[in-house]
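In what follows, a single structure is set out as structure tokens and then discussed.
Here is how names work: the chains are called A, B, and so on, in the same order as the sequence lines, proteins then strands, and each is numbered from 1.
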Number of protein chains: 2
Amino acid sequence: MDRVKLFNDFLSQKGLKSTSQRKLILETFLESESHYSTEELYLKLRKEHPRIGYATVHRTLKLFAECGIAAERNFGDGQTRFESVHADEHHDHLVCTNCGLIIEFEDQKIEELQKLVASQHNFKIENHRLELYGLCEDCRSQK
Amino acid sequence: MDRVKLFNDFLSQKGLKSTSQRKLILETFLESESHYSTEELYLKLRKEHPRIGYATVHRTLKLFAECGIAAERNFGDGQTRFESVHADEHHDHLVCTNCGLIIEFEDQKIEELQKLVASQHNFKIENHRLELYGLCEDCRSQK
DNA sequence: TATCTTTCTGAAAATTATTTTCATTTTCTT
DNA sequence: AAGAAAATGAAAATAATTTTCAGAAAGATA
Ligand SMILES: [Mn+2]
Ligand SMILES: [Mn+2]
Ligand SMILES: [Zn+2]
Ligand SMILES: [Zn+2]
């Protein structure tokens with residue numbers, strides 16, 4: 001896997017150490033394409049590895065973000081979430097306010113229009129967030 | 001002022017009371033078009049009204065949001081901000097990551113494309129947030 | 001391999017924004 | 001004016017995140 005190598009390179013470049021915990025956390029993080037909060041990943045890990053510490057999980061997720069293999073997200077539920085980043089890909093989110101479902105999308109026209117808006121204000125965009133909150137297909141029909 | 005009436009109607013409809021603090025906080029909140037955190041508004045109020053309590057300011061801002069005359073925003077600095085809402089208007093934000101400047105914009109094409117994305121996923125949008133982070137004109141030239 | 005230095009870990013404490021509690025005060029209805 | 005209901009402000013509680021710190025582990029060096 002490529003992101004495992006990216007992380008290992010990041011660690012050695014920073015003089016940080018490769019530990020069993022970091023390997024485990026990265027492996028589990030990459031296993032699913034979830035948008036994990038620290039709490040959620042910690043609880044998942046603890047099932048198989050009861051000795052793991054919350055602080056270690058959190059610190060490691062922050063390292064992933066610093067390294068660039070993960071991105072921090074906030075969907076307004078008061079918890080920072082981390083999602084795996086795929087090389088140079090970008091996407092935005094549809095978030096179901098009823099069941100929490102997260103759908104990813106990318107719309108090139110919207111991206112272009114954002115750049116246009118920024119240039120109209122002499123603004124240099126570093127990053128952006130676009131989130132559409134509402135009801136997903138299932139939750140709509142259940143009403 | 002219209003939003004003063006809106007808030008008073010909201011209070012009486014909910015069986016809540018009109019107090020000197022609520023009047024003062026609303027008046028000060030409406031005075032400027034800022035994006036206030038509780039802390040910021042509290043500090044501003046305290047200069048003239050040292051007896052005002054932080055909790056009262058915060059509770060009142062939440063009431064404004066519930067009433068619909070204010071909206072809660074999060075620009076990623078860890079503080080919830082409140083801004084005055086103008087009837088049925090909507091806007092998104094450019095946020096300077098260097099000086100904190102906030103520029104408001106509305107782009108009808110982007111809004112349309114958002115609806116299109118949502119409909120492609122059978123998603124019913126309730127609300128959305130679009131924030132473009134980067135450097136404002138001044139901060140760009142100072143680099 | 002043994003030793004040494006540095007970093008890491010996990011538990012607990014600290015921090016920070018927000019929310020709640022509660023005794024007292026204020027509003028506003030009889 | 002009296003009573004009921006709600007509001008206030010200070011302090012405590014809560015919750016997510018971050019930091020501290022003593023002991024453990026990694027990995028460089030001899
Ligand atoms: Mn995502
Ligand atoms: Mn605004
Ligand atoms: Zn749903
Ligand atoms: Zn700026």
Going 5' to 3' through nucleotides 6-19 of chain D and flagging B where a protein heavy-atom sits under 4.0 Å of the base, S where only the sugar-phosphate is that close, and - otherwise, we get SSBBB-----SBBB
Rounded to whole Å, the CZ-P distance (A:Phe10 to C:dT7) equals 14 Å
Separation of C:dT9 atom C1' from A:Leu45 atom CG, nearest Å, is 14 Å
Applying salt bridge (charged side-chain N to carboxylate O under 4.0 Å, His left out) to B:Glu27 and not counting sequence neighbours gives none
Besides A:Leu135, the hydrophobic cluster formed by Ile, Leu, Val, Met, Phe, Trp and Tyr side chains linked at under 4.5 Å, directly or via other members, contains none
Going hydrophobic residue to hydrophobic residue with side-chain gaps under 4.5 angstrom, can you get from A:Tyr54 over to A:Ile25? yes
Distance-only check: which donor-acceptor pairs under 3.5 Å involve side-chain atoms of residues 42-53 of chain A, not counting sequence neighbours?
| residue | atom | partner | partner atom | Å |
| --- | --- | --- | --- | --- |
| A:Tyr42 | OH | A:Arg46 | NH1 | 3.3 |
| A:Lys44 | NZ | A:Tyr36 | OH | 3.3 |

Across all chains, not counting sequence neighbours, the ring-ring contact (aromatic ring centres under 6.0 Å, His included) partners of B:Phe29 are B:Phe64
List the atom pairs, donor and acceptor, that lie under 3.5 Å between side-chain atoms in residues 113-120 of chain A and the rest of the protein, sequence neighbours left out.
| residue | atom | partner | partner atom | Å |
| --- | --- | --- | --- | --- |
| A:Gln114 | OE1 | A:His128 | ND1 | 3.3 |
| A:Gln114 | OE1 | A:His128 | NE2 | 3.3 |
| A:Ser119 | OG | A:Leu116 | O | 2.9 |

Please output the side-chain donor-acceptor pairs of residues 74-83 of chain A that fall under 3.5 Å, not counting sequence neighbours, one pair per line with the distance.
| residue | atom | partner | partner atom | Å |
| --- | --- | --- | --- | --- |
| A:Asp77 | OD1 | A:Gln79 | N | 3.1 |
| A:Asp77 | OD2 | A:Arg81 | NE | 3.4 |
| A:Asp77 | OD2 | A:Arg81 | NH2 | 2.9 |
| A:Gln79 | OE1 | A:Ser37 | OG | 3.3 |
| A:Arg81 | NH1 | A:His35 | O | 2.9 |
| A:Arg81 | NH1 | A:Glu40 | OE1 | 3.0 |
| A:Arg81 | NH1 | A:Glu40 | OE2 | 3.1 |
| A:Arg81 | NH2 | A:Glu40 | OE2 | 3.3 |
| A:Glu83 | OE1 | A:His35 | NE2 | 2.9 |
| A:Glu83 | OE1 | A:His91 | NE2 | 3.0 |
| A:Glu83 | OE2 | A:Arg73 | NE | 2.5 |
| A:Glu83 | OE2 | A:Arg73 | NH2 | 3.0 |
| A:Glu83 | OE2 | A:His91 | NE2 | 3.3 |
| A:Glu83 | OE2 | A:His93 | NE2 | 3.4 |

A:Arg46 atom CZ is separated from C:dT9 atom C1', nearest whole Å, by 16 Å
Given Watson-Crick and G-U pairs under 3.5 Å, DNA chain C in dot-bracket ([ ] crossing, | other strand) is ||||||||||||||||||||||||||||||
With sequence neighbours left out, the residues meeting salt bridge (charged side-chain N to carboxylate O under 4.0 Å, His left out) with B:Lys14 are B:Glu66
